[in-house]
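Below is one structure; the comments refer to it alone.
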Amino acid sequence: MFHLAAGRVGSLAAKRATAALSTSSARMMASHGHGTDDTHPPFHQQQLLVSALDKLRQDDRKRFRQVSTAVDMSKPLYTDSVDVPLPDRPYKEVLTDADKSLKQKEKGPWNQLSKEEKLALYRLKFLKTYPEMRHSTPEWKTVLGVAFFFLGLTGFVVWWQKVYVFPKRPRTFEGDWPEKQLKRMLDMRINPVQGISSKWDYEKGQWK
Amino acid sequence: MFRAVFRLSAAGARSLARSRPCSSAPLASRCYSHGKVETEEEFDARWVTYFSKPDIDAWELRKGMNTLMCYDLVPEPKILDSALRACRRLNDLASAVRILEAVKDKAGPHKDIYPYLIQELKPTLTELGISTPEDLGIDKL
């Protein structure tokens, strides 16, 4: 949604930019005179136009930039997965000096590492532990809730349609019309083999 | 032998009560039309050799471990011992702890496999100074 908004404003800004530039280019042409060709501005003025447009678009981009780090998909990625215990790269690749000295200590006997140091080494390499990976979230409640909400909304829409949109019921549903219709069907022996007339007992005058 | 008892597939779980520790019958009944069936001993030996490579590199350790976890079995203690020693050669304590976490998770509902593994690996763990996930407190959330 944010991107869409940025795009729309961006195009608006671009239109403003081109409008501004077209007037400024006219002024430029008037002040500097015409180039070799009467219909097009000279080459260096074209370059100025292009670079000015680019600058304006860059300014727009700076204003509407979202702070997000693009993931470099050409490099190994870190993933937490119960099926893949050892991911392609460690979680923390940029180490502080304390981390680096800990890594040096790791090269020696591990018996000399304290529990906290071992834990720190684990968290340097991995983001989540197995129980944390397996931990369920309450997201399903949100999903179900939103689904029910929209179902309810739909029900409201249907009720409104019933009141304001649907035409009147046909008269064939009112009064004794259905009863008379059924009697006529039985008299005509509609579907006598397996259908409605086969369910009617003509001797006794009742349903079988 | 180990895998014959603790085969993790549904069929295996169902036959858990009936199977005997010494039988290797499940393997013999595989429907290969041709080709030699690898015995469990050969499988274990192959993996122990893989992790025992003196100049094993980090990629090979990761690849080996991730592949091993894809199989429908919990690795024998000797394979894990070899893998933990490979971690030591690579100066990688975090991966050693991760391997222990992974096999515990791999055992799934069979809660008696992991304590057995730890019991078998205890000498190696104390020798190399590897703490179990329980010691570090990361077995709980």
Side-chain angles (χ1 to χ4, degrees), chain A residues 72-141, chain B residues 8 51 56-72 74-75 79-80 83-109 114 123-141:
Chain A
D72 187 354
M73 300 290 276
S74 65
K75 297 202 184 99
L77 299 174
Y78 177 84
T79 44
D80 271 316
S81 167
V82 291
D83 306 310
V84 179
L86 303 176
D88 295 335
R89 53 154 263 231
Y91 178 60
K92 281 212 182 76
E93 296 208 285
V94 182
L95 301 174
T96 65
D97 288 332
D99 296 334
K100 283 184 189 150
S101 64
L102 189 58
K103 279 284 185 193
Q104 276 298 110
K105 203 173 169 193
E106 198 185 10
K107 292 182 182 167
W110 289 340
N111 287 306
Q112 291 172 359
L113 292 165
S114 72
K115 204 175 102 164
E116 290 74 23
E117 287 175 326
K118 290 181 183 175
L119 211 51
L121 282 168
Y122 184 92
R123 289 293 181 182
L124 276 179
K125 216 169 175 87
F126 305 109
L127 173 61
K128 287 190 188 173
T129 67
Y130 265 72
E132 284 166 6
M133 271 189 250
R134 288 251 178 225
H135 184 54
S136 62
T137 64
E139 190 192 0
W140 65 274
K141 294 178 196 165
Chain B
L8 295 169
F51 285 117
I56 194 172
D57 67 26
W59 184 92
E60 285 173 348
L61 171 68
R62 288 199 305 271
K63 174 67 181 169
M65 224 38 243
N66 294 337
T67 311
L68 198 55
M69 288 298 119
C70 284
Y71 297 143
D72 183 20
V74 179
I79 303 177
L80 297 174
L84 292 173
R85 288 184 190 281
C87 289
R88 174 65 268 192
R89 290 197 294 283
L90 288 163
N91 300 320
D92 194 350
L93 173 63
S95 294
V97 179
R98 190 73 154 187
I99 289 171
L100 294 174
E101 276 195 296
V103 297
K104 181 179 182 185
D105 187 83
K106 194 69 194 170
Y114 181 69
T124 310
L125 295 178
T126 40
E127 180 201 329
L128 297 176
I130 301 171
S131 302
T132 65
E134 289 71 36
D135 292 338
L136 295 175
I138 53 176
D139 60 321
K140 309 265 177 292
L141 275 168

Rounded to the nearest 0.5 Å, what's the gap from [atom1] on [X] to [atom2] on [Y]? Could you check?
X	Y	atom1	atom2	value
L141(B)	K128(A)	CG	NZ	10.5 Å
I138(B)	Y122(A)	CD1	OH	4.5 Å
K63(B)	D88(A)	NZ	CG	10.0 Å

L113(A) portion near chain B, given a 4.5 angstrom heavy-atom threshold: side chain
Heavy-atom side-chain proximity of K104(B) to Y130(A) below 4.5 angstrom: no
D105(B) vs M133(A) side-chain heavy atoms within contact, under 4.5 Å: no
Chain B interface, residue from E132(A), Q112(A), K115(A) that has the most non-hydrogen pairs under 4.5 Å: K115(A)
Chain B contacts, top residue of K103(A), E116(A), K118(A) (heavy-atom pairs, under 4.5 Å): K118(A)
Measure across [X] and [Y] and return the closest heavy-atom pair with its distance rounded to 0.1 Å.
X	Y	answer
L93(B)	E106(A)	N-OE2, 2.7 Å
G108(A)	R88(B)	O-NH1, 2.7 Å
P85(A)	R98(B)	O-NE, 2.8 Å

Most chain A-contacting option - heavy-atom pairs closer than 4.5 Å, from G137(B), S131(B), P133(B): S131(B)
Chain A contacts, top residue of I130(B), L128(B), D135(B) (heavy-atom pairs, under 4.5 Å): L128(B)
Heavy-atom neighbours of E93(A) CD exceed 12 at 6.0 Å: yes
Counting only heavy atoms closer than 4.5 Å, note whether [X] contacts chain A via side chain, backbone, both or neither.
X	value
T67(B)	neither
D92(B)	both
L90(B)	neither

Sidechain-backbone polar pair: E101(B) side chain, T129(A) backbone, donor-acceptor under 3.5 Å: no
Exam field: side chain R62(B) to backbone L86(A), donor-acceptor pair closer than 3.5 Å: no
Chi angles and distances behind the salt bridge (charged side-chain N to carboxylate O under 4.0 Å, His left out) call for D139(B), R134(A): CA-CA 11 Å; D139(B) 60 321; R134(A) 288 251 178 225; over 6 Å; no
